[in-house]
Structures are given as structure tokens and as C-alpha cells.
Amino acid sequence: MGEVIAVLSGKGGTGKTSVCAGLGTALAQMGKQVLCIDCDVGLRNLDIALGISQLGALSFWEVCRGEYSPEQAARHPVYPNLRFLTAPMDCPADSIDPVAFSAMLRQARNQFHYILLDAPAGIDAGFRLAAGSADRILLVTGADPAAIRDAAQASEKLELMGKQNIRLIVNRISRKMAAAMDLTVDDIMDQAGLPLLGLVPEDPDVVLAAAFRQPLLGYTGKGAAAACKRIAKRILGWKVPVRL
Ligand SMILES: Nc1ncnc2c1ncn2[C@@H]1O[C@H](COP(=O)(O)OP(=O)(O)OP(=O)(O)O)[C@@H](O)[C@H]1O
Ligand SMILES: [Mg+2]
């Protein structure tokens, strides 16, 4: 039975889409059957981070409506066991029936080891849709106090929804920044009130890989790509030390 992992944040632009693509490709490289779903209705861009064309890609809404099955999702050209469903453009998040969405994920759980949901920014309809059916939640934040507070607030909202199994990923962190802020991993966990799943460094290759329409892990094996691989191993239950 597959696991549904929602990649969320309170604040926009923290790196949800980049991290979701990095984890999806890392899990696929490790031989898992993976389905990545862009839940950012209206502002979709997971295809770019995955280095895949959204032209002709099925949307999750077409699968929710029962016209297709999840295993008909677009296949990644480089990672054949990674599939992708784009977000519908003409259907606001609050008009998507959460029951149909959950039913689609139930079906996908039988066909994939991991289903990764790239959520939109904010804590409204898209956030609730992605969080609602997730078995595990990854909150992606920056290292600055405002971003960590937003993550803490998002986590409170998730707890009110009855969600458990919430972990923090701190993105775009650098040793220099952590040293200047006198910030330790324990400080971050204390401020957010959440256990940490991993740190992803600030890395210009994230932007460059997207600019060249390549998946980050196909573009480089260092920096943020290596961090995503370490986090993916932790998702698989391996003991991998947290480091920058
Ligand atoms: N570790 C990183 N190092 C450098 N740049 C990064 C890193 N992570 C993300 N970025 C860049 O930051 C920008 C925002 O990233 P991304 O789109 O993944 O965020 P998001 O949380 O999905 O945004 P939104 O809330 O709009 O959906 C992108 O230009 C991306 O390339
Ligand atoms: Mg995004």
C-alpha cells in the first residue's frame, strides 16, 4: 500500500515544488514507483522542476472524474518509474471535491509506493485538499524567523485538522547564514515546534536545472540534489545524519 506525502508550507516560495521534484526523482532513482501530483491549481509549475513537458499530461482532475486511472499519468522521460499528473487550469481549488480527490489517491496507493503532492502556497482550499488525504506531511520553510513562524502556524492548523506525522524541511540554508544567525538544528526545531526531516542548502543549480528544463538530480549530484537524496533515504526509514 503506497504512502501519500503532502509537501506544504504556510508562506509562498519556500521551495515546495523544488523539494517535491527532488524527492520524487530521488525515490524513483532508488527504484520506487512514484506519482508526483501538482496540486497548485492555476499556478502549476511542478512539470518544470521535474524537467518534464506538461503538454498532453493528464491533470489530476481528469483522473478524479474517473476518465482515466492514475497509472495513465505521464511517464517521466528519464525516470520511467516516475509519473506525473498536472493541475487543472480551469477549476478553482475550492471547487475540487475532496471525496473524489481521496478516492483517486486510494486508487493510486495500489499502484505506487509514494504519491507526492505539491501543494499551493497559503493555508486555504489547496492546502486542505493536499493535507486532507496525506499520510505524512513535509512542511518546507526557510531558516528566517518569519518563515519558521509561518511553518509553526501551518503546523497548528494541521494539528487542528487532526493530522500527525508532520516533519520540517528547512530549505535554502547555508553554513554562513546559520553561523551568522547563531542558528542550530535544535533552535529551528524549538522555534517551529516540529521534528526536522532535513536541510537543503541554498544552491544556484536549483534555478539552473529548471532553466535548462532538467530535473535537479539529472543536472547535478551535489548540493540541494544530494540533500534531497538524503531526505528520500530518511523517508525510506534509513538512518542518515542531518547535515548541511
Ligand atoms: N535550495 C534552493 N536554492 C536555490 N534556489 C532555490 C532553492 N529552492 C528553491 N529555489 C528557487 O526558489 C524559487 C521558489 O521555489 P519553488 O517554486 O520550489 O517554491 P514554492 O514553495 O513551490 O513556491 P509557491 O509557493 O509559489 O508554489 C524558485 O525560483 C526555485 O528555483
Ligand atoms: Mg510551488
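First listed ligand is number 1; within each ligand, the first listed atom is number 1. Start at 1 with the first residue, then count along the sequence.
- Considering only non-hydrogen protein atoms, atom 9 (C) of ligand 1 sits nearest to S18 OG, 3.4 Å.
- Of the protein's non-hydrogen atoms, T17 CB, 4.0 Å is the one closest to atom 17 (O) of ligand 1.
- Distance check on atom 29 (O) of ligand 1: every protein heavy atom falls at or beyond the 4.0 Å cut-off.
- Residue-ligand proximity: P120 is placed with every non-hydrogen atom at 4.0 Å or more from ligand 1.
- Residue contact check: D40 has heavy atoms under 4.0 Å from atoms 27 (O) of ligand 1.
- Between the side chain of Q191 and the backbone N or O of I188, no donor-acceptor pair lies under 3.5 Å.
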*Let me see the working for L46 and F84 under side chain to side chain contact (heavy atoms under 4.5 Å, CB included), right down to the final yes or no.*
CA-CA 9 Å; L46 181 59; F84 165 69; 4.0 Å; yes
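- For the pair R83 (side chain) and A73 (backbone), a donor-acceptor distance under 3.5 Å is present.
- Nearest protein heavy-atom contact of atom 8 (N) of ligand 1 is N171 ND2, 3.0 Å.
- For a threshold of 3.5 Å applied to N or O pairs, the pair formed by K16 and ligand 1 contains at least one separation below that value.
- Of the polar atoms of R172, at least one N or O is found under 3.5 Å from an N or O of ligand 1, judged by distance alone.
- Ranking the protein heavy atoms by distance from atom 19 (O) of ligand 1 puts G15 N, 3.0 Å first.
- Inclusion of T17 in the first shell of the Mg ion (ligand 2) is supported: an N, O or S atom falls under 2.8 Å.
- Close approach to G12 involves these atoms of ligand 1, each under 4.0 Å from a residue heavy atom: 25 (O).
- Using a 4.0 Å cut-off between heavy atoms, D118 makes no contact with ligand 1 at all.
- Of the protein's heavy atoms, at least one falls inside 4.0 Å of atom 4 (C) of ligand 1.
- Note: no N/O pair closer than 3.5 Å links S9 and ligand 1 by distance alone.
- Using cut-offs of 30° and 60° for the angle between ring planes, the Y219 and F212 rings count as parallel.
- Hydrophobic clustering (ILVMFWY, side-chain heavy atoms < 4.5 Å, transitive): I148 and L8 are in one cluster.
- In terms of polar-atom proximity, G13 is counted as a contact of ligand 1, with an N or O under 3.5 Å from an N or O of the ligand.
- Here A210 has no heavy atoms under 4.0 Å from ligand 1, in either its backbone or its side chain.
- Tracing side-chain contacts under 4.5 Å through hydrophobic residues (I, L, V, M, F, W, Y), one never reaches M161 starting from F101; they form parts of separate clusters.
- Each of L50 and L35 belongs to its own hydrophobic cluster when Ile, Leu, Val, Met, Phe, Trp and Tyr are linked at side-chain heavy-atom distances under 4.5 angstrom.
- At a threshold of 4.5 Å between non-hydrogen side-chain atoms, the residues L139 and I169 do not count as touching.
- Contact of the D118 side chain with the C39 side chain is not registered, since no non-hydrogen atoms from C-beta on lie closer than 4.5 Å.
- Taking CG from D47 and CZ from R213, the interatomic distance works out to 7.5 Å, rounded to the nearest 0.5 Å.
- Here the SG atom belonging to C20 is positioned 9.5 Å from the CD1 atom belonging to I37, to the nearest 0.5 angstrom.
- For P201, the heavy-atom gap to ligand 1 drops under 4.0 angstrom.
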